[in-house]
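So the structure is just underneath, and the comments pick up after that.
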Number of protein chains: 2
Amino acid sequence: MESFYATRTDEMLRAHGLSRTQGRIALLKLLASQKAPVSSAFLLRKLGTSWDETTLYRALNTFVTYGILAQFDFGHGHAHYEIAHDKPHHHHAVCESCGHIEDIPAHDSPQLTASALKAARGFKRFTRHSLEFYGLCTKCT
Amino acid sequence: MESFYATRTDEMLRAHGLSRTQGRIALLKLLASQKAPVSSAFLLRKLGTSWDETTLYRALNTFVTYGILAQFDFGHGHAHYEIAHDKPHHHHAVCESCGHIEDIPAHDSPQLTASALKAARGFKRFTRHSLEFYGLCTKCT
DNA sequence: GTAATATTTGCAAGTAACTTGCGTTTATTA
DNA sequence: TAATAAACGCAAGTTACTTGCAAATATTAC
């Protein structure tokens with residue numbers, strides 16, 4: 001019997017006709033076990049030294065392109081990645097001192113986008129939005 | 001009689017005890033005349049070749065530190081800067097095709113932050129938030 | 001206004017986070 | 001199981017930005 005993650009990661013790759021290599025599966029499992037977006041450096045550290053940097057970046061980019069992952073920028077000088085496949089919409093909280101990042105479940109009112117759209121002259125539609133809250137986490141206060 | 005911008009930029013620098021050099025004043029005037037955040041490459045282009053790249057980055061960083069400017073990241077691989085001094089809160093719309101950026105005046109309900117704070121385990125307070133809407137602008141549709 | 005002091009600037013060199021090219025390996029398809 | 005296509009790993013390259021330090025400019029003290 002396959003694990004929950006194994007089945008899901010397999011499905012993510014299969015759905016887009018992507019090769020299900022050992023490495024990619026390990027990467028997606030690792031990402032699936034995170035509670036918030038993580039950096040490529042974190043992934044490289046966790047995956048072990050056997051992993052090649054180029055391969056990681058290439059996999060991450062491929063996954064972002066296919067919508068398996070979402071990529072975020074919190075102003076830390078590097079990107080953060082998170083499983084997007086089947087994940088409900090949410091926002092992020094970012095600690096300005098230690099960099100701690102937390103997912104915040106979001107139930108956006110459609111009004112949020114609607115009123116933004118009304119105010120934006122040059123746009124007729126938005127496909128997505130991203131909302132980040134910054135502050136000090138309880139450990140850094 | 002000094003121009004509106006001259007007076008304001010002067011004030012921005014003076015308020016923080018920063019040297020009011022020709023270059024810094026020209027930079028702030030240019031920034032003050034923009035309707036949305038701009039990149040360092042844009043600023044360098046507009047200011048002319050006489051401007052040194054290092055000097056620009058150093059000035060931008062100083063201004064961000066003192067709250068004169070706000071820095072944003074829209075996933076374009078480089079930062080965008082905007083006057084923050086005395087500017088009312090707003091969000092941004094970003095075109096995923098041409099990169100066009102637009103300010104969106106925002107009247108956030110206090111509830112937006114309040115409900116996020118309630119949902120965020122590790123935070124007791126947020127100092128700021130940033131909300132970006134992504135889509136295709138009317139020119140790219 | 002002028003000298004003393006502090007800040008800013010410009011050049012050269014350096015760094016971090018990726019990206020590209022290309023030959024080899026691994027996975028998928030026939 | 002062979003043929004084909006996708007992914008990998010190494011080396012080299014790029015971009016956006018940073019650091020060190022001496023020279024220039026601005027501010028402050030007289």
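Chain letters run A, B, ... following the sequence lines, proteins first and then strands; every chain starts at 1.
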Rounded to the nearest angstrom, tell me the gap between atom [atom1] in [X] and atom [atom2] in [N].
X     : N      : atom1 : atom2 : result
B:D73 : D:dT15 : CG    : C1'   : 14 Å
A:I25 : D:dA7  : CD1   : P     : 12 Å
B:L60 : C:dT8  : CG    : P     : 14 Å
B:L13 : D:dT27 : CG    : P     : 9 Å
A:W51 : D:dG9  : CH2   : C1'   : 12 Å
A:H76 : D:dT18 : NE2   : P     : 15 Å
B:D52 : D:dC21 : CG    : P     : 18 Å
B:E53 : C:dT8  : CD    : P     : 20 Å

Select one nucleotide: of C:dT28, C:dT8, D:dC17, the one nearest the side-chain heavy atoms of B:R24.
->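 When the side chain of B:R24 is considered, C:dT8 is the closest of C:dT28, C:dT8, D:dC17.
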Tell me which nucleotide among C:dA17, C:dT8, C:dC11 gets nearest to the side chain of A:Y57.
->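 Ranking C:dA17, C:dT8, C:dC11 by closest atom to the A:Y57 side chain puts C:dA17 first.
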Residue [X] excluded, over 12 heavy atoms near [atom1] under 6.0 Å:
X      : atom1 : value
B:K124 : NZ    : no
B:Y134 : OH    : yes
A:F42  : CZ    : yes

May I ask you to say what [X] touches in the nucleic acid, namely base, sugar-phosphate or nothing, with a heavy-atom cut-off under 4.0 Å?
X     : answer
B:R58 : base
A:T62 : nothing
A:G77 : sugar-phosphate
B:A79 : sugar-phosphate

Should B:K35 and B:E102 count as an ion pair when the cut-off is N to O under 4.0 Å?
->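 Salt bridge between B:K35 and B:E102, a charged N being under 4.0 Å from a carboxylate O: no.
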Can a side chain N or O of [X] be found less than 4.0 Å away from OP1 or OP2 on [N]?
X     : N      : result
A:T55 : D:dG9  : yes
A:T54 : C:dT20 : no
B:N61 : D:dT18 : yes

Under 3.5 Å: donor-acceptor pair, side chain of A:R24, backbone of A:S19 =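 Looks like yes, one N/O pair under 3.5 Å.
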May I ask you to decide if B:P110's main-chain N or O and B:T113's side chain share a donor-acceptor pair within less than 3.5 Å?
->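 No: the side chain of B:T113 does not pair with the backbone of B:P110.
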According to the interplanar angle, ranging from 0 to 90°, do the rings of A:H129 and A:H91 count as parallel (below 30°), tilted (30 to 60°) or perpendicular (above 60°)?
->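 Judged by the thresholds at 30° and 60°, the geometry between A:H129 and A:H91 is tilted.
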Hey, which sits more toward the 5' end of DNA chain D by its nearest nucleotide, B:A41 or B:Q22?
->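 Between the two, 5'-proximity favours B:A41.
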End axis versus end axis in the helix from C:dG1-D:dC30 to C:dA30-D:dT1, the angle rounded to 10°, five pairs used at each terminus =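 End-to-end axis angle: 50°.
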Do the side-chain N and O atoms of A:E82 and A:H90 include a donor-acceptor pair separated by under 3.5 angstrom?
->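 A donor-acceptor contact under 3.5 Å links the two side chains.
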